[in-house]
Amino acid sequence: MTTTATASPPTLGKVYLVGAGPGDPGLITLRGKYLLEHAEVVVYDYLANPKLLSYVPKTAEFIYAGKKGGGLHAFTQKDINRLLVKHAQRGKTVVRLKGGDPFIFGRGAEEIQELVAEGIDFEVVPGVTSATAAATYAGIPITHREYTASVAFVTGHEDPAKKMSNISWEKLATGAGTIVIYMGIKTLPSITRKLIDHGRSPDTPVAVVRWASTPQQRSVVGTLETICEVVQQADIKPPALVIIGEVVKLRSTIDWFEKRPLFGKRIVVTRTRDQASDLVAKLEEHGAECLEYATIQIEPVEDYRIFDAAMATIAEYQWILFTSINAVSYFFQRLFHLGLDSRHLAGPKIAVVGRATAEKLLQYGLKADLIPEQFTGEGLAKALVQTRVEGSRILLPRAMQAAELLPETLTDAGATVTVAPVYRNVPPPGLGDELRRHLLSGTIDMVTFTSSSTVANFLAMLKADSKDEAHALFSKVQIATIGPVTTATVLEHGLSVAVQPEKYTIADMVQSIVALYRTSAPSANR
Ligand code: SAH
C-alpha cells in the first residue's frame with residue numbers, strides 16, 4: 001500500500017531579465033548587481049562581461065546560453081525561453097543577464113512572452129545600451145543642440161525570414177539627425193548605399209566602434225562614402241556599432257576613453273589574491289587592461305603556539321612590528337580567535353613597514369607609533385635601532401618564511417626578537433602554460449612585481465629554469481617593480497627593469513608606469 005501525501009504545487013520561482021550594460025562591468029545598474037548577488041540560476045551570453053558573474057554566489061548554477069562561440073552548443077532563442085521556464089518552475093530565482101538593455105534589439109520581449117504564457121513572475125531591469133555607451137566612450141555625444149535634435153536606433157540585421165524590410169530607409173536617410181546602427185557590420189555596404197541613394201550626403205561623418213567600453217575598444221572614422229573601406233582596412237568585426245551624423249565630428253575634441261595613458265596596454269599583475277585589487281584598480285583607472293596572476297596564495301599557519309604564548313605574555317613586549325598587510329590581517333584573525341581584541345595590545349608600541357600597512361592597522365582601531373621614511377624591512381630596522389632597542393623585547397608576527405635581515409639587525413642591536421609565524425605562502429595551482437603563450441606572442445606589454453618572492457614564484461610558475469629561458473620569455477615584455485629589493489631580484493634572474501618608482505608605494509609605481517608610456521612606445525600587437 002502506498003501512502004498519498006497531499007503535495008502542494010511547487011512554488012514558482014521568478015525570472016529577472018537584467019541588462020548587463022555594454023561591456024564595462026562598472027556600467028551595470030545597482031539593481032542588476034543586487035539581483036546577481038541573490039541569483040540561484042544565472043543564464044548569460046557572450047555580450048555580458050564575465051566579470052559580472054563574480055557577483056553571483058558560487059553555489060548558483062551558471063548557464064552559458066550564447067548563440068555564438070564559447071558554449072558547447074549554440075542555443076536557439078526557443079531553447080533559452082524554455083530554459084528560463086524550466087528553472088523558474090523548479091522554484092529558482094533566475095537572472096537572465098543580457099548585453100546592453102534587454103529590450104533594445106535583445107529579444108528580451110520574446111523571453112518575457114514565454115514566461116507570461118507559463119504564468120511565471122518576472123521583472124525587467126534596464127541596462128545601458130551599447131549605442132549610447134559606444135558613442136560616449138568614442139567621444140561622440142549622440143545629440144547636440146547645434147548638430148542634431150533627433151536620434152534613431154536601427155538594426156542592420158532584420159529577421160531574415162521577413163520578406164519586406166520594416167525600415168523605411170528613404171525616411172530615415174534624412175529624417176533622423178543621428179542614426180545608430182546595431183548589428184550593421186556585415187550589411188554596412190548596403191546600408192550606406194541606401195542612405196546616400198535616399199538623399200543623405202555622402203560626406204556625412206560616420207564612426208564605427210567595436211567592443212565599446214572595454215579595454216579592447218577600437219574606433220574608426222570615415223564618411224558614408226568611405227566608411228566601408230575604412231572598416232575593411234582596419235579589419236573591424238562584430239560586435240560593433242555604426243554611428244552616423246554630424247555629431248561624429250565632435251570626437252576629435254571629446255575623445256577621452258581611448259586617450260587615457262594606459263589605454264591598449266595589457267599589464268600582468270602578480271600578487272597574492274588578497275592584495276592585487278589596489279594595483280589593478282589604479283592601473284585600470286588609467287585605461288590599462290590587467291591580467292591578474294596569483295603567484296602566491298596566503299594561508300594561515302598550522303601551528304600558532306609561538307603567537308599564542310606571546311599574547312599570553314604581551315605585557316613583556318615593548319614593540320610589535322608589522323611588515324605587511326597580510327601580517328596585520330592574520331595577526332588579528334588569530335587574536336579574535338583567542339577571544340581577544342585590540343585592547344589587548346595597549347602596552348607595547350607598534351611599528352609598521354609602510355603606509356599601506358599603517359592603514360590596514362587603522363582598520364582595527366590602532367595607530368602606528370612608527371613608520372620609517374623608507375618603506376622596506378631595512379628602513380624599518382634602521383628606524384627602530386635609532387630608538388635604542390637594546391634590552392627590549394620585540395614581537396614580529398610575519399610569514400613562515402621571510403627575509404631575516406630585520407630580526408638579525410634588531411638582535412645585533414641588543415633586542416630580543418620573537419618571530420611568530422601567522423601566515424604562510426603556498427604556490428597556487430598552475431596557470432603557467434597560458435601565461436607562457438601570452439608572453440611569447442607579445443600580447444602582453446608589461447609585467448609588474450611588488451615583491452621579490454613574486455618574481456621567484458612567477459618564474460617558477462613559468463618553468464623558466466635558467467637566465468636564458470627567462471630572457472627569452474621576456475624579450476617582448478617590459479618589467480615594472482615597486483622598489484630596489486625587487487629590482488635586484490629581477491636582475492639576478494637575468495632580466496631588466498623598465499620602471500621602478502622613487503617611493504616604494506603602489507600609487508608611485510602606477511605613476512611611474514604612466515610616465516613611461518606617456519613618453520614611449522605603441523602597444524603590443526594583438
Ligand atoms: N541589447 C543590446 C544589443 C544586442 S544586439 C544593447 O542594448 O546594447 C547585439 C549588437 O549590439 C552587436 O551586434 C553590436 O552591434 C551591438 N553591441 C553590443 N555590445 C557592444 C559593444 N560593447 N560594442 C559595440 N557594439 C556592441
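These numbers come from the heavy atoms of this one structure, side chains and all, not from hydrogens, waters or symmetry mates. Just so you know, ligand 1 is whichever comes first in the structure, and atom 1 is the first atom listed for that ligand.
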Q: Taking the non-hydrogen atoms of A212, is any one of them nearer than 4.0 angstrom to ligand 1?
A: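 Per 4.0 Å heavy-atom rule, A212 contacts ligand 1.
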Q: Is a salt bridge present between E284 and K51, judged by a nitrogen-to-oxygen distance below 4.0 Å?
A: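 Yes, charged N to carboxylate O under 4.0 Å.
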Q: If I apply the N/O under 3.5 Å rule, does A240 come out as touching ligand 1?
A: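 Yes - when backbone and side-chain N and O of A240 are compared with those of ligand 1, one distance drops under 3.5 Å.
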Q: Within ligand 1, which atoms have a heavy atom of W211 less than 4.0 Å away?
A: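 Going through ligand 1 atom by atom, the ones under 4.0 Å from W211 are 22 (N), 23 (N), 24 (C).
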Q: Check S130 against ligand 1 and report side chain, backbone, both or neither, counting heavy atoms closer than 4.0 Å.
A: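 Both backbone and side chain of S130 come within 4.0 Å of ligand 1.
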Q: Of all the atoms in ligand 1, which lie at a distance below 4.0 Å from a heavy atom belonging to M183?
A: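 Taking each heavy atom of M183 in turn, ligand 1 has 5 (S), 9 (C), 10 (C), 12 (C), 13 (O), 15 (O) under 4.0 Å.
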Q: Give yes if a backbone or side-chain nitrogen or oxygen of G184 is under 3.5 Å from a nitrogen or oxygen of ligand 1, and no if not.
A: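 Such a contact does not occur with ligand 1.
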Q: L188 pairs by side-chain contact (heavy atoms from CB on, under 4.5 Å) with which of I236, V206, V242?
A: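 Testing L188 for a side-chain contact (heavy atoms from CB on, under 4.5 Å) against I236, V206, V242 leaves exactly one candidate, V242.
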Q: If you measure every N or O of Y182 against every N or O of ligand 1, does any of those distances drop under 3.5 Å?
A: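 Y182 vs ligand 1: no N/O contact under 3.5 Å.
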Q: Identify, by atom number and element, the atoms of ligand 1 in contact range of V209, meaning under 4.0 Å from any of its heavy atoms.
A: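 Those qualifying, in numeric order: 24 (C).
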Q: Regarding ligand 1, does P22 bring an N or O atom to under 3.5 Å of one of the ligand's N or O atoms?
A: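 P22 vs ligand 1: N/O contact under 3.5 Å present.
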Q: What I want to find out is whether R90 reaches E61 closely enough, with some N-O distance under 4.0 Å, to be called a salt bridge.
A: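 Looking at E61 together with R90, the answer is yes, because their closest N to O distance falls below 4.0 Å.
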Q: Pairs of nitrogen or oxygen atoms closer than 3.5 Å, one from I104 and one from ligand 1: do any exist?
A: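 By distance alone, the answer is yes.
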Q: Answer yes when R96 and D45 have at least one side-chain N-carboxylate O distance shorter than 4.0 Å, and no when they do not.
A: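 Salt bridge flag = yes for D45 with R96.
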Q: Just distances here: any N/O of R210 and N/O of ligand 1 closer than 3.5 Å?
A: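 No; every N/O pair is 3.5 Å or more apart.
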Q: Are the side chains of E123 and R31 in contact, using a 4.5 Å heavy-atom criterion?
A: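 Yes, their side chains come closer than 4.5 Å.
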Q: Polar contacts were defined as any N/O atom of the residue lying under 3.5 Å from an N/O atom of the ligand; does this apply to F105 and ligand 1?
A: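 No; every N/O pair is 3.5 Å or more apart.
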Q: Taking distance alone, with N or O pairs closer than 3.5 Å, would you say G99 contacts ligand 1?
A: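 Yes, since at least one N or O of G99 sits under 3.5 Å from an N or O of ligand 1.
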Q: Check this for me: does any side-chain nitrogen of one of R437 and E434 sit under 4.0 Å from a carboxylate oxygen of the other?
A: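 Salt bridge: no.
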Q: State yes or no: are the ring centers of F105 and Y182 separated by less than 6.0 Å?
A: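 Between F105 and Y182, the centre distance is under 6.0 Å.
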Q: Taking side-chain contact (heavy atoms from CB on, under 4.5 Å) as the criterion, tell me which of V41, V43, I120 meets it with L84.
A: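 So the option named by the test is V43.
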Q: Between P238 and ligand 1, which part of the residue brings a heavy atom under 4.0 Å of the ligand: side chain, backbone, both or neither?
A: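 The answer is neither.
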Q: Could you tell me if the ring centre of Y16 sits under 6.0 Å from that of F122?
A: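 They do not qualify: ring centres at least 6.0 Å apart.
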Q: Please identify which atoms of ligand 1 are closer than 4.0 Å to at least one heavy atom of T129.
A: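 This gives 6 (C), 7 (O), 8 (O) as the contact atoms.
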Q: Say you draw a straight line from OH of Y517 to OG of S512; how long is it, rounded to the nearest 0.5 Å?
A: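 Result: 12.5 Å between the selected atoms.
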